[in-house]
Amino acid sequence: MNGTPERWPLLVAAARIMNQPTLFDEAKRLSNADERLLARLRTGPATNVDLVHVCGLRSSARVHDLRQCGYQIKAEHVKGGVRLYTLSE
């Protein structure tokens, strides 16, 4: 990036306003587990129990990663420790 480090936040903000990717955006690429979870949720809602086979025991962390990337994922409590995740596209 051009400019001094003090100006980087302003340059990043300006680039995002103009929908231009920045070096900071490159760091938000999806991991393999995130991509598998996204593919699974695109087929329909799934519980965290279902997702163990897709992305391991840390499905809530993977959902968090996807939300940080802008995906709208709804979590609904079913019973006990079971949650139902639904992707809205």
> What about V54 and Y71, same hydrophobic cluster or not, with Ile/Leu/Val/Met/Phe/Trp/Tyr joined at side-chain heavy-atom distances under 4.5 Å?
Replying inline: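 Yes; tracing contacts between hydrophobic side chains, which count when under 4.5 Å, links both residues.
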Assigning hydrophobic clusters by single linkage (Ile, Leu, Val, Met, Phe, Trp, Tyr; side-chain heavy-atom cutoff under 4.5 Å), is V49 placed with L51?
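No: no chain of side-chain contacts under 4.5 Å links V49 to L51.
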Value for CG (L37) from CD1 (I73), rounded to nearest 0.5 Å, stands at 6.0 Å
Checklist entry - Backbone N or O of T47 within a donor-acceptor pair of the R83 side chain at under 3.5 Å? => result no
G56 backbone acceptor or donor facing H53 side chain under 3.5 Å: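 Answer holds: no.
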For [X] and [Y], which heavy atoms make the closest approach, and how far apart are they?
X	Y	result
R40	A46	NH2-CB, 3.4 Å
C55	R36	CA-NH2, 4.3 Å
L41	Y85	CD2-O, 3.7 Å
N48	S59	CB-OG, 3.5 Å

* Hey, mind stepping through R42 and L87 against side chain to side chain contact (heavy atoms under 4.5 Å, CB included) and telling me if it holds? -> CA-CA 7 Å; R42 283 184 169 148; L87 176 66; 3.5 Å; yes
TODO: State whether the number of non-hydrogen atoms from other residues, nucleotides or ligands found under 6.0 Å of R67 atom CZ is greater than 12.
DONE: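 Counting neighbours around CZ of R67, more than 12 heavy atoms of other residues, nucleotides or ligands fall under 6.0 Å, so yes.
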